[in-house]
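The next block holds one structure in the form of structure tokens; read it before the comments.
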Amino acid sequence: MSRLVLISSIGIGSWQTGAYFERKKFQQMFSDFDCISKKHFFKPGFPLMGTVSAATAFSPAPIQDKNVTANRIGQIMKYGFPGFDNIRSYDDFCLSYDRRNRVAHWVFEHLTAESVKHNDAVDRSKSDFKPDESVHKFFRSENTDYKGSGFDRGHLAAAGNHKQNQKYCDQTFYLTNMAPQVGKGFNRDSWNRLERHVRKLTKAYPNVYCCTGPLYLPKKESDGKLYVKYQVIGANSVAVPTHFYKIVVMETADNKLEMEAYVMPNQVIDDETPLKLFQVPPETIERAAGLLFFDKIQRQQLSKINGKSI
DNA sequence: TTTAGTGT
């Protein structure tokens with residue numbers, strides 16, 4: 001089996017905790033992934049396909065100059081929208097909200113060295129987690145849903161990516177930008193490590209485009225059949241994703257394009273696990289999420305995918 | 001440095 005497929009199996013196939021390097025677990029992970037990818041991802045009607053409505057509804061956040069924000073959203077979404085379900089645009093990021101699961105389908109950001117550099121004027125401790133009142137109360141997540149759940153309110157667009165001013169940072173604290181994440185061992189550790197890696201890409205690439213979101217992946221149960229199973233928390237039944245993806249496009253100074261794509265399970269992950277092991281082919285995420293990422297870029301235009309020349 | 005929840 002190719003190394004790429006083997007690597008893919010880590011992120012996609014396993015709900016196991018513990019040692020990632022044990023041969024047996026690799027094989028188990030692979031067998032789960034194998035049955036997912038070969039038997040189901042290619043079937044029409046596979047239940048993981050996301051719901052993407054043709055009805056586009058822009059709901060820009062209140063702003064002083066709408067042209068400035070419209071231009072910024074144009075920059076952020078330069079390479080296309082992954083889907084058009086319940087779009088919300090904020091000053092420095094843009095998302096599609098899944099009303100059924102009370103978690104975004106995807107969140108898009110455009111990062112530069114300037115936008116992520118340290119800024120003494122911005123303090124995340126001054127930002128409050130707050131419900132987005134623009135979402136109908138039937139479908140909104142509230143702070144009380146997360147309280148006592150054992151899960152973090154994990155940012156999809158990371159606060160650390162929006163340090164140009166306090167307002168940008170504050171807006172990342174809307175609960176539309178949150179998902180229930182395992183705290184210690186995931187959000188505060190390996191997922192944070194991945195976020196820092198993406199920020200670091202801005203040191204080498206002038207423009208970085210980052211799309212982040214949840215996955216709800218099937219797992220083989222004891223009867224040998226595949227089921228999608230996920231916890232929901234709070235009075236609003238906020239879904240706890242089984243996995244999260246991050247797919248990144250980097251523009252080089254000479255206008256070449258490279259892509260990296262990751263899937264990580266929403267569980268405790270050993271801090272020593274190299275991020276490289278969570279890389280997957282971008283198509284794998286697209287099939288699982290029911291979304292097309294960066295569809296204004298033909299994949300042949302990419303000079304590298306996951307560090308490998310194509 | 002950044003990621004957070006809980007207890008006071």
Side-chain angles (χ1 to χ4, degrees), chain A residues 11 17 90 92-93 95 102-104 106-132 141-204 208 210-215 231-236 238-246 248 260 262-275 277-278:
Chain A
T17 54
Y90 302 88
D92 205 35
F93 66 102
L95 62 80
R102 287 86 176 173
V103 173
W106 53 262
V107 178
F108 235 95
E109 301 164 89
H110 166 229
L111 309 183
T112 63
E114 182 72 13
S115 72
V116 306
K117 80 173 182 189
H118 183 76
N119 182 352
D120 282 335
V122 177
D123 181 355
R124 71 169 274 153
S125 70
K126 291 179 181 165
S127 302
D128 297 315
F129 292 94
K130 53 192 176 294
D132 186 331
S141 63
E142 303 281 352
N143 284 315
T144 49
D145 295 320
Y146 287 85
K147 183 90 176 167
S149 70
F151 292 96
D152 279 9
R153 294 166 291 191
H155 284 68
L156 295 174
N161 293 353
H162 302 275
K163 296 211 271 200
Q164 286 191 302
N165 62 59
Q166 188 66 42
K167 187 181 174 194
Y168 287 3
C169 177
D170 288 350
Q171 288 184 350
T172 69
F173 281 75
Y174 278 118
L175 294 184
T176 39
N177 183 45
M178 299 297 157
Q181 291 186 327
V182 169
K184 191 169 160 40
F186 182 76
N187 181 39
R188 306 173 203 179
D189 298 295
S190 282
W191 182 253
N192 184 33
R193 195 155 47 95
L194 177 57
E195 292 176 333
R196 282 186 278 127
H197 165 72
V198 172
R199 277 196 284 279
K200 201 171 174 184
L201 291 172
T202 63
K203 293 184 183 298
V208 174
C210 180
C211 184
T212 307
L215 293 171
Q231 186 181 350
V232 297
I233 56 172
N236 295 303
V238 180
V240 180
T242 64
H243 295 69
F244 291 91
Y245 67 83
K246 202 174 271 294
V248 186
E260 292 182 2
Y262 298 85
V263 172
M264 292 183 63
N266 188 14
Q267 62 188 34
V268 176
I269 291 168
D270 189 317
D271 284 341
E272 300 305 311
T273 313
L275 293 176
L277 289 185
F278 299 100

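Just so it is clear, the values below take in all heavy atoms, side chains as well, and ignore hydrogens, waters and symmetry mates. In the text below, chain A, chain B and the rest are named by the order of the sequence lines, each starting its count at 1.
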- Item | A:D271 CG - B:dT1 P separation (whole Å) | 19 Å
- Message: What contact category does A:R193 fall into here, base, sugar-phosphate, or nothing, at under 4.0 angstrom with non-hydrogen atoms?
- Response: nothing
- Message: I want to check one thing: is the phosphate of B:dA4, taken as OP1 and OP2, less than 4.0 Å away from some side-chain N or O of A:H155?
- Response: yes
- For A:F129, report the nucleic acid contact type (base, sugar-phosphate, nothing); a contact means any heavy atom under 4.0 Å. sugar-phosphate
- Please tell me which of A:G150 and A:G160 maps to the more 5' nucleotide of DNA chain B, matching each residue to the nucleotide holding its nearest heavy atom. A:G160
- When all nucleic acid strands are considered with a 4.0 Å heavy-atom cut-off, which category describes A:Q181: base, sugar-phosphate, or nothing? nothing
- Quick one: A:K117 NZ to B:dT1 P, roughly how many Å, whole number? 17 Å
- Side chain to side chain, A:V238 and A:M178, heavy atoms closer than 4.5 Å: no
- Message: Between P on B:dG5 and CG on A:N187, what's the gap in Å once rounded to a whole number?
- Response: 8 Å
- To the nearest angstrom, how far is A:L175 atom CG from B:dG5 atom P? 10 Å
- Item | Distance, rounded to the nearest Å, where A:W191 contributes CH2 and B:dT3 contributes P | 13 Å
- Message: I need the CG-P distance between A:N143 and B:dT6, as an integer number of Å.
- Response: 12 Å
- Rounded to the Å, how far apart are A:M264 CE and B:dT3 P? 15 Å
- Item | Contact check, side chains of A:Q181 and A:F151, non-hydrogen atoms, under 4.5 Å | no
- Which class fits the ring pair A:F244 and A:W191: parallel under 30°, tilted 30 to 60°, perpendicular over 60°? tilted
- Do the rings of A:Y90 and A:F93 sit parallel, tilted or perpendicular, given the 30° and 60° boundaries? parallel
- So, is A:R153 near the phosphate of B:dG5, with a side-chain N or O under 4.0 Å from OP1 or OP2? yes
- Please answer whether the main-chain N or O of A:F129 pairs with a side-chain N or O of A:N143 as donor and acceptor at a distance below 3.5 Å. yes
- Which whole-number value in Å describes the distance from A:Y146 OH to B:dA4 C1'? 13 Å
- Query: Between B:dT3 and A:R124, is there an OP1 or OP2 to side-chain N/O distance shorter than 4.0 Å?
  - Reply: yes
